[in-house]
Asks: 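I have a structure I would like to understand better, so I am pasting it below and will then ask my questions one at a time.
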Amino acid sequence: MRKHATRRWLAGLGVVGACVVASAAPAPAAPASPGASPNGVAAAGFTTSANNVTLAPGGPDKTVVLRALGEKLQDSYVITVDYGAVDAFAEVRGPAAPACTRAGTVLTCTAYQEDAPDLLALSVHPRSGARVDQEGRIRFTVTTTASGTSSTASTVLIGEGVDLVAGPAVTLTGGPGATVPVGLSVGNQGQETAQGAVLLVSAMYGLTPSKRYQNCRYGSRGGLTNWTPNLFVCTFDDEIAPGRAFRVGGGFGVTVPGDVSAPNTQTGTATWFTPQDWADEQSRYTLDQPGTGDVLRLEAVGTRLPVGASRAPQTDVEPADNETAVELAVTGNQRADLAADEVRVTAKVGETVPVKIGYTNRGPASSSNGGRDFYTIVKMTVPKGVTAVKAPKNCLDADIQDEEGGRPGARAYLCYQYDVIHKGGKVALPFSFRIDRAGALTGKTELLYGPVDTTDLDPRNDTAKILVNPASGGQGGDDGSLPITGSPTGLVATVGGLLLVAGAGSYLAARRRRSRFVA
């Protein structure tokens with residue numbers, strides 16, 4: 001099995017966008033968030049990026065990750081890391097030999113094609129005696145054999161340590177179309193007054209914000225995972241003294257979309273940052289839509305305590321307790337009917353033609369909106385006598401399930417898509433077929449669903465034929481519906497399990513955490 005291949009392929013589906021959702025407007029090329037500093041420098045055909053980190057004296061390690069952005073390079077990487085500018089106040093720890101060798105304050109590391117996009121992770125630890133406001137840069141130079149050189153840097157800053165803590169898990173109930181209040185809170189269990197706070201919410205389709213506030217920004221592309229289309233961040237200037245707690249102001253809530261599938265469970269996370277920690281983090285997100293409504297405010301809980309006057313950059317010394325899990329039980333009975341689309345192709349032998357494989361949502365509910373309708377898999381069996389010379393990146397050779405997506409020449413493909421598809425919407429996967437044999441040739445499109453045993457309203461239309469030259473006589477070629485090595489059902493279960501674990505990981509971590517503040 002190729003190293004990391006399946007993991008990287010799954011992670012990349014949200015970026016590739018090979019599926020065409022016909023009912024939706026084209027996604028804009030959204031700019032990065034204002035103030036974001038991705039620290040990336042493009043050179044010779046590829047770009048590298050490294051995140052910034054803020055450390056607290058005596059606080060925990062932080063991780064700096066070097067990434068190669070854009071299309072995957074068919075290459076190997078030699079990485080030079082110069083951390084001399086931070087060595088006086090921060091210890092930089094990298095992988096051991098033979099992955100990395102050290103000479104003074106320079107690391108020389110090797111990474112390979114299968115490691116991308118994350119080429120290198122460094123642990124950065126504050127040294128004894130580190131002082132607030134000390135600052136320096138770790139500099140990276142990445143050299144490849146065929147693609148040239150790219151350079152970038154990560155800023156390491158020593159800030160004041162504070163300890164924000166999120167409120168307890170939130171459990172909600174509501175049917176399609178309902179507006180439901182969401183009670184979120186944040187407290188300070190540290191010794192220093194926190195100067196402001198930032199709230200990041202990432203959630204499934206059913207947890208759509210009911211209002212858009214002017215001190216919040218919203219993302220048109222959603223969160224970092226395929227199943228969190230709702231993403232927004234809100235900034236608060238309030239001072240939160242030690243022992244104090246605040247709740248998000250009245251009126252804050254979500255509206256359950258009218259076409260969400262029901263019954264269902266929709267989840268999300270609300271994470272609190274110090275302003276400095278958010279400045280380090282925000283380049284990972286696209287938050288391109290400003291809110292235009294009222295100002296969202298924090299409301300004090302309990303008696304006000306004296307506040308401090310620190311204006312130093314602040315970092316959270318215990319970020320593991322900064323997240324609140326949100327779970328919405330969607331009531332009602334509403335599902336979708338997905339119908340595989342029949343395809344007819346007429347072409348001469350030797351000719352290559354574009355073909356779109358997919359399905360139509362006949363409603364009434366939307367599909368792939370999280371929870372019960374977690375994802376849809378399109379299995380496409382190529383007609384015998386036809387070669388798929390081009391396949392989308394989110395389509396996997398069904399016989400080589402650990403390979404990269406988009407591999408031409410497969411006998412059958414398993415294709416994933418995670419976009420919410422509304423009633424009337426279509427998914428069209430762009431293939432190119434080369435016709436190798438005369439006569440009527442037949443393939444097949446099948447819709448499979450995860451989690452396992454999930455079905456739509458009418459399973460009878462989940463299969464459709466792919467007909468090549470159907471008017472040329474005969475009954476059509478064999479549709480090739482022989483068993484695939486590693487059954488699709490098994491793959492659905494395996495991949496579904498991985499996705500569910502990944503999606504629920506932060507949620508379960510938040511449920512296990514005990515919060516000291518209950519608003």
Side-chain angles (χ1 to χ4, degrees), residues 10 13-14 16-25 176 204-206 222 226-227 229 256-266 330 332-344 355-382 391-392 394-396 398 405 412-431 443-467 479 481 484 487-489 491-493 495-496 499-500 503:
L10 289 170
L13 293 182
V16 170
C19 261
V20 178
V21 182
S23 64
M204 289 181 178
Y205 177 66
N226 296 296
W227 52 88
V256 185
D259 66 347
V260 71
S261 59
N264 207 339
T265 300
Q266 301 277 280
V330 182
N333 185 11
Q334 179 170 255
R335 297 167 63 194
D337 174 23
L338 304 187
D341 293 331
E342 183 177 277
V343 175
R344 291 176 175 261
V355 178
K356 290 186 177 179
I357 305 297
Y359 59 88
T360 300
N361 184 353
R362 297 183 176 177
S366 58
S367 65
S368 299
N369 54 50
R372 178 175 175 175
D373 292 325
F374 197 74
Y375 56 86
T376 301
I377 301 171
V378 179
K379 177 189 171 186
M380 190 272 283
T381 303
V382 181
N394 57 326
C395 291
L396 185 71
Y413 290 89
L414 297 170
C415 305
Y416 295 77
Q417 78 82 29
Y418 299 92
D419 296 324
V420 174
I421 309 300
H422 302 280
K423 181 180 179 180
K426 299 177 76 68
V427 167
L429 297 155
F431 285 83
K444 184 166 59 176
T445 298
E446 300 172 76
L447 303 183
L448 311 174
Y449 305 102
V452 177
D453 297 330
T454 300
T455 59
D456 69 349
L457 280 176
D458 187 0
R460 295 172 299 175
N461 58 23
D462 289 351
T463 300
K465 291 183 178 181
I466 302 170
L467 302 172
D479 68 7
S481 56
I484 289 176
S487 70
T489 300
L491 180 64
V492 172
V495 174
L499 293 172
L500 287 168

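One is the number of the first residue; the rest follow in order along the sequence.
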Asks: Report yes if the side chains of Leu429 and Gln417 come closer than 4.5 Å at any heavy-atom pair, otherwise no.
Replies: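 Answer no - side chains too far apart.
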Asks: OH of Tyr413 to OG1 of Thr445: how many Å apart, nearest 0.5 Å?
Replies: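 Spacing of OH (Tyr413) from OG1 (Thr445) equals 13.0 Å.
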Asks: Minimum heavy-atom separation for Glu342 to Ala464, with atom names?
Replies: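 Looking at all heavy atoms of both residues, the shortest contact is N-CB, 3.7 Å.
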Asks: Just jot down the side chain to side chain donor-acceptor pair (under 3.5 Å) partners of Asp462, sequence neighbours excluded, or say none.
Replies: Tyr449
Asks: What residues form a side chain to side chain contact (heavy atoms under 4.5 Å, CB included) with Thr360, not counting sequence neighbours?
Replies: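 Partners of Thr360 by the side chain to side chain contact (heavy atoms under 4.5 Å, CB included) criterion, ordered by chain and then number, come out as Asp341, Lys426.
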Asks: What pairs with Asp337 under side chain to side chain contact (heavy atoms under 4.5 Å, CB included), at least two apart in sequence or on another chain?
Replies: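 Side chain to side chain contact (heavy atoms under 4.5 Å, CB included) check on Asp337 returns Arg362, Asp456, Leu457, Asp458, Asn461.
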Asks: What pair of heavy atoms forms the shortest contact from Pro176 to Val330, and how long is it?
Replies: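 Heavy-atom minimum between the residues: CD-CG1, 4.1 Å.
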Asks: Do Val427 and Leu338 have side chains that approach each other closer than 4.5 Å (heavy atoms only, starting at C-beta)?
Replies: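 SC-SC contact between Val427 and Leu338 ruled out.
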Asks: When rounded to the nearest 0.5 angstrom, what distance separates CD1 in Ile357 from NZ in Lys379?
Replies: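 Between Ile357 CD1 and Lys379 NZ, I get 14.0 Å after rounding to 0.5 Å.
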Asks: For Asp259, enumerate each residue passing the salt bridge (Lys or Arg N to Asp or Glu O under 4.0 Å) test, keeping only those at least two apart in sequence or located in another chain.
Replies: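 Asp259 satisfies salt bridge (Lys or Arg N to Asp or Glu O under 4.0 Å) with no residue once adjacent residues are dropped.
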Asks: Give the minimum heavy-atom separation between Ala336 and Ser366, together with the two atoms involved.
Replies: CB-O, 3.8 Å
Asks: Going by the rule ring pair (Phe, Tyr, Trp, His ring centres under 6.0 Å), which residues pair with Tyr359 if we only count those two or more places apart in sequence or in a different chain?
Replies: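 With neighbours one apart ignored, the set is empty.
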Asks: Where do Pro430 and Lys356 come nearest, in terms of heavy atoms and distance?
Replies: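 Looking at all heavy atoms of both residues, the shortest contact is CA-CG, 4.4 Å.
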Asks: Determine the minimum heavy-atom distance between Ala262 and Arg335, stating which atoms define it.
Replies: O-CG, 4.2 Å
Asks: In Å and rounded to the nearest 0.5 Å, what is the NZ to NZ distance from Lys465 to Lys444?
Replies: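 The NZ atom of Lys465 sits 10.0 Å away from the NZ atom of Lys444.
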Asks: Report the distance from atom OG of Ser368 to atom CE of Met204, rounding to the nearest 0.5 Å.
Replies: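 It is 11.5 Å, given to the nearest 0.5 Å.
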Asks: Hey, is the main chain of Ile421 close enough, under 3.5 Å, to the side chain of Asn361 for a donor-acceptor pair?
Replies: yes
Asks: Would you say Leu447 and Val378 make side-chain contact, with heavy atoms under 4.5 Å?
Replies: yes
Asks: Could you tell me the separation between the CD atom of Glu446 and the OG1 atom of Thr463, rounded to the nearest 0.5 Å?
Replies: 5.0 Å
Asks: What is the minimum heavy-atom distance between Gln334 and Ala365, and which atoms define it?
Replies: CG-CB, 3.7 Å
